[in-house]
Structure formats: structure tokens, C-alpha cells
Amino acid sequence: MLSQEFINEVKERNDITDVIGGYVSLKRSGRNSKGLCPFHSEKTPSFTVYSDTASFYCFGCQAGGDVIGFIRRIENLDYVEAIKFLANRAGIAIPEEGKNDGLSHMRLRIREQNREAGRFFYRSLYSPAGKKALEYFHSRGLTDETIRRFGLGWSPDGWDLLSRHLEQLGYKRDEILAADLGYSSRKGGVIDRFRNRVMFPIIDLQGNVVAFGGRRFTEDAAGGKYVNTSDTLIYKKTNHLFAMNIAKNCKTRELILCEGYMDVIALHQAGFENAVAALGTAVTPQQARVLHKYADRVVLSQDGDEAGQKSIARSIPIMKEEGLDVRVLQITGAKDPDEFIKKYGPERFKLLLDGCTNDIEYSIMRIASKFDISTDDGRLHYLREVCEYLSSLGTLEREVYAGRIADRLGIEKTAVLSQADASARRRIRAEKEQEFREMAKNTAGIGSKVNPERSANLKASNAEYALISILFRHQDKIPAAAKELPPEQFVTDFGRRIYTQFIELHESGQEVSVSLLTPHFSETEISEIVKIINSDDSVGAGDFNTLIDVIRSAHFTPKPQEAAKLTSDELLKQMSILRKKKS
């Protein structure tokens with residue numbers, strides 16, 4: 001176990017604003033910093049970094065925590081791994097450990113298995129049994145050098161050939177299942193996840209094989225076209241990009257985002273080593289952050305079918321919110337980049353890249369393709385939809401493209417702008433109303449999963465939250481609070497648990513921090529605690545006694561349904577206790 005002293009040093013050497021600033025574009029706002037949340041899509045910044053409490057909180061998705069919690073979320077690490085990540089960042093030597101155990105040990109075993117599986121698949125491809133699979137890759141135009149570079153392979157046509165190979169290397173059944181390289185049979189054995197498929201290893205930015213994609217290469221093969229690794233302790237599909245481990249080294253700040261493995265590999269073989277693929281139909285916010293780390297511009301190169309076009313439409317706003325310059329590649333004469341390069345060569349593909357349209361032009365063309373603007377009805381519907389789209393753009397962009405649309409329809413530019421401005425006002429009004437409803441709901445504690453008792457005890461729970469905030473900022477007052485207000489007098493269980501931890505940490509001689517509270521609460525609860533301790537500090541230390549009285553009064557005031565069950569003597573006794581507490 002890592003000592004608390006070591007954890008404290010790691011936190012002190014990793015300023016939370018600096019760390020988060022490496023992932024999020026932050027702007028100063030008084031003592032704090034604000035930016036667009038990296039954990040959900042948003043247009044208005046609701047993500048705040050609090051330098052004085054060394055914590056962060058998003059009012060949009062309710063994610064919150066300290067610098068360790070942020071790295072856990074953003075890098076998909078467990079608690080110990082996040083500390084080690086930050087220690088390496090700060091150049092702090094990690095104490096020697098007797099052995100690895102728990103999640104860290106299992107992650108290590110999964111990585112080792114994937115590496116061995118990749119070698120197994122590659123050897124199998126070049127074995128006599130893998131002849132047809134190798135012929136398939138060659139028929140797709142791939143050279144042996146390309147196959148080796150990407151670590152492509154073949155999973156043999158057997159029930160448990162890989163699983164038995166891994167067991168011979170010392171890996172246990174549960175470890176094979178945890179890596180998703182196999183699944184349980186009815187008899188309790190292990191069946192290989194991948195059988196008789198050409199294999200594409202997915203490699204992370206550090207060069208580790210974290211997952212596999214298996215493709216059917218004959219029409220008579222059983223199962224769907226693709227079988228993919230499910231999420232594991234080291235792999236989450238939404239966080240990774242195929243071939244990013246190679247493309248990250250390109251000198252250009254432009255990446256080509258393709259639809260599938262073969263498109264990427266064909267582009268690399270043709271000299272376009274800045275090609276990557278999302279491991280799904282559309283890019284995710286997490287993948288957009290990875291893209292932006294290595295590029296300023298992303299060219300979307302998807303198949304020309306409806307699924308590919310829908311993927312483009314979903315990906316554009318996600319990448320724009322990340323601050324990327326988005327371009328769209330229009331491929332004609334072929335269904336995908338792989339086929340285009342085979343038919344016309346890399347030089348023609350380069351010309352396509354140079355002439356690709358920006359995301360606004362693409363979106364307007366996409367809307368236009370839905371209507372027959374030679375008819376009045378088609379022109380009217382097109383105008384309504386395209387003006388709704390224009391309303392989402394900035395003022396300058398709206399001005400430029402309104403003129404082009406007006407020329408195309410043969411109408412006044414002012415008419416287009418008027419319609420777009422009206423749509424923009426409606427959108428802003430709707431967003432503000434939704435934001436107000438969410439704020440009111442949150443303030444009232446309605447639907448709170450963390451503290452379900454809050455809405456029924458709003459006054460008392462607000463006092464509890466305010467007291468917790470004061471005690472976090474003025475920890476010298478914790479002994480006085482403990483003397484005046486025992487934890488059992490808290491009205492809500494959640495508030496009571498926080499208060500109890502405050503008292504116990506202070507009595508043990510430790511400073512209350514988000515880091516020390518983390519082991520005692522769930523991730524969602526820690527987010528709520530961060531929100532509480534960073535709440536409006538207009539309620540200062542001077543309100544300390546008033547808040548204690550409010551909590552105590554609520555505790556000794558029976559609720560109507562409870563009062564109805566009390567005898568007259570019991571009710572008088574309760575009221576007498578309350579008067580003494582107030583005096």
C-alpha cells in the first residue's frame with residue numbers, strides 16, 4: 001500500500017489547475033478556472049476547477065473530485081494507478097512494493113495475455129493452417145511488411161486453442177475471462193472468443209495490445225462480420241483509436257479519421273501514416289480529446305453509404321466542441337479509401353484530401369440533398385431546416401453562409417438571417433429554461449440518488465451542507481462542532497456520514513481532504529461532496545452556531561406523521577428538549 005505521506009506529496013507536486021489544464025482549455029474566473037467538461041458534451045462551460053480546495057466539479061454531469069479523481073476518470077485508471085501516473089508526471093520515485101495485487105495485478109495479467117495472444121495470432125497466420133487467412137490479406141493488397149507492422153494475425157478454427165495455449169503459459173481461467181479472450185462453456189471450461197477470423201490488434205499509446213477485432217474473411221464463416229473485445233479493465237472502446245500509436249508520431253497536425261481497420265492500413269501502406277479509425281460508428285468525446293492532443297485538423301473519411309453519412313453528422317459537433325477544425329472527404333468512384341487507392345492511386349487520393357470541404361459546407365449540402373428545391377414546398381422546407389442549422393453557428397459564419405444560401409434560393413440575404421436569428425433566440429431561450437429547471441431541481445434535492453432524504457428535509461439538509469462547507473474551510477472548528485452537535489443529530493444519512501468522517505479524521509490528527517474522504521465514499525458521493533465544499537462561501541464561519549441550531553431543531557422536531565403517533569406526554573417532552581437546546 002502507498003503511504004498517505006506519499007499520496008500527499010504526489011498531490012502537492014501536481015497542481016490541479018496545471019494537470020487539468022493539460023486536458024481542458026481553462027479560463028480564469030476569479031479564484032477559480034472554468035472550461036468545457038471533458039466528461040460530457042457541452043457548449044457552455046460548466047466545469048470548474050477550485051484552486052483553494054484543490055478540486056473540480058461539473059455542474060452539467062455532476063463529476064467531481066481531486067486531482068487523483070480527475071486522472072482516474074480521464075485516463076480510465078484505478079486509484080493506485082492514478083497516483084503512480086501523477087508520481088511519474090512529477091518525477092517522484094514510486095516506493096518499492098512487495099508484490100502487485102488486486103486490480104493493478106489483474107490489469108498487468110490482462111496486458112501480458114493480450115501480448116501473448118497477439119504473438120499467437122501472428123504465428124498462426126504464417127502457419128500452414130493459416131494459409132487462407134494470409135491469402136485474404138494479400139488479396140486485399142497488403143504486403144508482409146504491413147502485416148508485420150500492424151501485428152495482423154489469424155485465430156485458428158478451434159474451440160479452445162488460444163485458451164489452452166494461455167493456460168500452458170500459467171494464466172488461469174478467470175484471467176482469460178477477464179481479458180475477454182474467452183468465455184465460459186456450459187461445462188465450466190473456456191471457449192475462445194475469436195475463432196477462424198483475421199485479427200487486428202488494438203494498441204494503446206504506450207504500445208500495449210489492449211484489445212482485438214476479429215473479421216470474418218469467408219462468406220460461409222459462422223457469426224457476424226466482426227467480433228470485438230468487450231470493455232475490460234484495460235480497454236474501453238470509447239477511449240481508443242485504431243493505429244493512433246503510429247499516427248501520433250506524424251509531423252503533420254492533421255489526422256484522417258476512417259471507418260474501418262482496412263481503410264487505415266491501406267492508407268498507411270500508401271504513405272498516409274496519419275490515418276486512424278474510431279472503434280465504432282461515430283467518434284466519442286474521449287476520442288476527440290485524444291485526436292486534439294495530436295492534431296488541430298481532422299478529416300472525416302467515412303463510407304458513402306447512409307450509415308457512414310450519419311456517422312459524420314454525429315461526429316462533427318463532438319469534434320467541434322473539442323476545438324478541432326473538421327473537414328469532410330467526399331469520395332467519388334469508390335466506396336471507401338481502400339478501394340479508391342487501389343483504383344486511382346495515392347496521388348489522386350492526395351488531391352481529394354486537398355479539396356475536401358469544411359464541416360459547414362458539408363452540413364448545408366447534406367440538408368439540401370433532402371429536398372427538391374426546384375419546388376416551392378421543397379424550398380420552404382429546406383429554408384426552415386438550413387436556418388435552424390445556421391442558428392447554431394457564430395455570427396460571422398452565419399453571415400457568410402446566409403449569403404450563399406440566399407443566392408441559391410434567389411431570395412434576400414436578410415430573409416435568411418432573420419429566420420436564422422429567430423431560431424437562435426428560440427434555442428437560447430430553451431437552453432436557459434432547461435438550465436433553470438435543472439438548477440431548481442438540484443437546489444430542492446429532487447431526485448437525488450446520493451441523498452434521497454434531502455428533498456423531504458430541505459431546510460435541515462441545506463444547513464448540513466453549509467456546515468460541512470464551513471468545517472472544510474475552517475477545520476479548527478470541528479472539535480467545537482462535535483461537542484455541540486453529535487453526528488446522530490444530523491437529519492440525512494449522507495450528511496451524517498460526511499460529518500462523522502470529518503470528526504474522525506480531525507481526531508486522528510489529519511487534515512480533512514477529498515483524497516482522505518475518497519476511500520469512504522463512492523465516486524458519485526465524492527462528486528457531491530466536492531460540490532458541497534465548494535458551494536457559495538457567503539455563508540461564513542460566523543453562521544456556525546446558527547446552522548447547528550437549525551440542524552438540531554429539525555432533529556428534535558417530529559414530522560407531522562410522526563407527531564400524530566406520539567402521546568401528549570411524549571410530545572410535551574420533545575418540545576421541552578427542543579426549548580432547552582435553543583436556550
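Every value quoted in this text rests on a predicted model; they were computed, and no experiment measured them.
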Side-chain donor-acceptor pair present, [X], [Y], cut-off under 3.5 Å:
X	Y	value
Thr143	Thr146	yes
Asn274	Thr252	no
Asn8	Gln4	yes
Glu75	Tyr23	yes
Arg119	Ser124	no
Thr232	Arg107	no

Those residues that, when tested against [X], pass salt bridge (Lys or Arg N to Asp or Glu O under 4.0 Å) (two or more places apart):
X	value
Glu145	Arg148
Asp160	Arg164
Arg123	none
Lys350	Asp354

With [X] via side chain to side chain contact (heavy atoms under 4.5 Å, CB included) - residues at least two apart:
X	answer
Asn358	Arg327, Ile360, Glu361, Tyr401
Gln330	Val328, Tyr362
Ser522	Thr524, Glu525

> For residues 239-253, which residue pairs qualify under salt bridge (charged side-chain N to carboxylate O under 4.0 Å, His left out), counting only residues two or more places apart or in two chains?
Replying inline: Arg253-Asp296
> Val514 versus Phe521: any side-chain heavy-atom pair under 4.5 Å?
Replying inline: no
>> Just so I know, are the side chains of Gln113 and Glu175 near enough to count as touching, which here means a heavy-atom distance under 4.5 Å?
In response: yes
> Quick check, are the ring centers of Phe121 and Phe212 under 6.0 angstrom apart?
Replying inline: yes
> Can you pull the ring pair (Phe, Tyr, Trp, His ring centres under 6.0 Å) pairs that have at least one residue in residues 159-191, sequence neighbours excluded?
Replying inline: Phe120-His165
> Quick one: ring pair (Phe, Tyr, Trp, His ring centres under 6.0 Å) pairs with a partner in residues 258-303, sequence neighbours left out?
Replying inline: Phe150-His268, Phe200-Tyr261, Tyr226-Tyr261, Phe242-Tyr261, Phe272-Phe349
> Does the side chain to side chain contact (heavy atoms under 4.5 Å, CB included) test come out yes or no for Thr229 and Phe194, once each step is laid out?
Replying inline: CA-CA 9 Å; Thr229 300; Phe194 304 99; 3.7 Å; yes
What donor-acceptor contacts under 3.5 angstrom involve side-chain atoms of residues 15-22, with partners at least two apart or in another chain?
| from | atom 1 | to | atom 2 | distance (Å) |
| --- | --- | --- | --- | --- |
| Asp15 | OD2 | Thr17 | N | 3.1 |
| Asp15 | OD2 | Asp18 | N | 3.0 |

> Taking only residues two or more places apart in sequence, or in another chain, which ones meet Asp204 in a side-chain hydrogen bond (donor to acceptor under 3.5 Å, both in side chains)?
Replying inline: Asn208
Quick check: does any side chain N or O of [X] sit under 3.5 Å from a backbone N or O of [Y], one acting as donor and the other as acceptor?
X	Y	answer
Thr284	Thr238	yes
Asp180	Ser230	yes
Arg173	Gly188	yes

>> Working note: Arg72 + Asp78, criterion salt bridge (charged side-chain N to carboxylate O under 4.0 Å, His left out); need CA distance, chi angles, decisive distance, verdict.
In response: CA-CA 6 Å; Arg72 287 184 70 183; Asp78 67 28; over 6 Å; no
